[in-house]
Number of protein chains: 2
Amino acid sequence: MLDETDRALLTLLTANARMPLKELAGRVGLSSPSVSERLRRLEERGVIRAFTADIDPARLGYTLQAIVRIRPLPGRLHLVQKLIEEIPEITECDKVTGDDCFIARLMLRDISHLDRILDGIADKAETSTSIVKAQPVLRRLPPLG
Amino acid sequence: MLDETDRALLTLLTANARMPLKELAGRVGLSSPSVSERLRRLEERGVIRAFTADIDPARLGYTLQAIVRIRPLPGRLHLVQKLIEEIPEITECDKVTGDDCFIARLMLRDISHLDRILDGIADKAETSTSIVKAQPVLRRLPPLG
DNA sequence: TGTGAAACAGCTCGGGT
DNA sequence: ACCCGAGCTGTTTCACA
């Protein structure tokens, strides 16, 4: 399904999505056209979902992050999900098993910013908030293979 | 600090990191060299941390994701953090306030894979696991401005 | 910071192994 | 599947506003 060369390409592109084909080719021991074709196929198959820029939220003024577990009140599940999707400060949200129905990541300018957002949810769901103190593992690839 | 043009560039690059300078330039109404210079500065200032490929874990065989809250046993904090960093299936981990010291995202091949990994932690920390059923909000940018 | 032109590098597409 | 080479497209550099 995915050979050694594909895996190497994914690793290289994860580290630097703008790496030129020529350099990619050199590192995996192929020619540029071959690499070009492989990338096309990887995108087509959905292995590569997109090429994105990794922006540092702190440099945008979001110096605080919080992880919030959200338990919608009875009958409010869909309403809460819609609300979550519309709050732009929520940059990630998973719907999970268990009492906590949603687990969301919030980007915040300061602690009062958190207060304001939670106030807007308080009448539709219960929340448990954890403030992020450090990020020991930042977005990385799982083992390929 | 960040003007309107910079914000537009970040939005465009987040959607497609491999977009050619020429096209970026056209969309923000500048010339290619100007855009090139702006990108150089954004990277230098650390606003753009990296250009990365967004890989679909499901296409790599990781059809299951879990969010695990981890509470190290007394005196095991550092040991547990080291362990977390060394488990490659943990692709994200935040150190947070509250009883749950760490919140980690795990990429898994199947449910027995989860069992195996949690077994390796069980004697050093308590864990609470939530299986991801859906992802209503996938990694996106907070408001720029 | 910005622009435009020119030199340079990278990409794509054909044909061939 | 991959490689090579030609032609084209995109990028970078530089003089200048």
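Just so we're clear, the structure is a prediction, and the values are computed from it rather than from any experiment. Just so we're on the same page: letters track the sequence lines, and every chain starts at 1. Heavy atoms only: backbone and side chains are in, while hydrogens, waters and symmetry mates are out.
For DNA chain C, the span of nucleotides reached by chain A at under 4.0 Å from its heavy atoms goes, 5' to 3', from C:dG10 to C:dC13.
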Using a 3.5 Å cut-off and no angle test, enumerate the donor-acceptor pairs between side-chain atoms of residues 119-127 of chain B and protein atoms at least two apart in sequence or in another chain.
residue  : atom : partner  : partner atom : Å
B:Lys124 : NZ   : B:Gly120 : O            : 3.4

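Under the side-chain hydrogen bond (donor to acceptor under 3.5 Å, both in side chains) criterion, A:Arg40 pairs with A:Glu37, A:Glu44, not counting sequence neighbours. In this structure A:Gln81 satisfies the side-chain hydrogen bond (donor to acceptor under 3.5 Å, both in side chains) test together with A:Glu85, sequence neighbours excluded. For B:Glu89, there are no salt bridge (charged side-chain N to carboxylate O under 4.0 Å, His left out) partners at least two apart in sequence or on another chain. Evaluation of the side-chain hydrogen bond (donor to acceptor under 3.5 Å, both in side chains) rule for B:Asp3 yields B:Arg38 as partners, not counting sequence neighbours.
Applying the salt bridge (charged side-chain N to carboxylate O under 4.0 Å, His left out) test to every pair with at least one member in residues 10-23 of chain A, sequence neighbours left out, gives these pairs: A:Glu23-A:Arg27.
Between its two ends, the helix from C:dT1-D:dA17 to C:dT17-D:dA1 turns its axis by 30°, counting five pairs per end and rounding to 10 degrees.
With rounding to whole Å, B:Lys22 atom NZ is found 14 Å from D:dT12 atom P. Between the CG atom of A:Asp6 and the C1' atom of D:dC2 there is a distance of 14 Å, rounded to whole Å.
Residues A:Gln135 and B:Glu92 have side chains not in contact (no heavy-atom distance under 4.5 Å, counting atoms from C-beta outward).
Between A:Arg41 and A:Asp6 there is no salt bridge, since no side-chain N of the basic residue sits under 4.0 Å from a carboxylate O of the acidic one. For B:Asp100 and B:Arg71, the salt-bridge test passes: some basic side-chain N is under 4.0 Å from an acidic carboxylate O.
Apart from A:Leu13 itself, the hydrophobic cluster it occupies contains A:Leu2, A:Leu9, A:Leu10, A:Leu12, A:Met19, A:Leu21, A:Leu24, A:Val28, A:Leu30, A:Val35, A:Leu39, A:Leu42, A:Val47, A:Ile48, A:Phe51, A:Leu141, A:Leu144, B:Ile55, B:Leu60, B:Tyr62, B:Met107, where clustering links Ile, Leu, Val, Met, Phe, Trp and Tyr at side-chain heavy-atom distances under 4.5 Å. Listed by chain and number, the hydrophobic cluster partners of B:Leu73 come to none, as no ILVMFWY side chain reaches under 4.5 Å of it.
The environment of A:Asp99 atom CG is sparse: at most 12 non-hydrogen atoms of other residues, nucleotides or ligands sit within 6.0 angstrom.
Remark: B:Pro33, B:Ser34, B:Arg38, B:Arg41 in residues 32-50 of chain B come within less than 4.0 Å of DNA chain C through at least one heavy atom. Contact check of residues 10-21 of chain B against DNA chain D (heavy atom, cut-off under 4.0 Å) returns B:Pro20, B:Leu21.
Both B:Leu114 and B:Ile84 sit in one connected hydrophobic cluster of ILVMFWY residues. Membership requires side-chain heavy atoms under 4.5 Å apart, directly or through other members.
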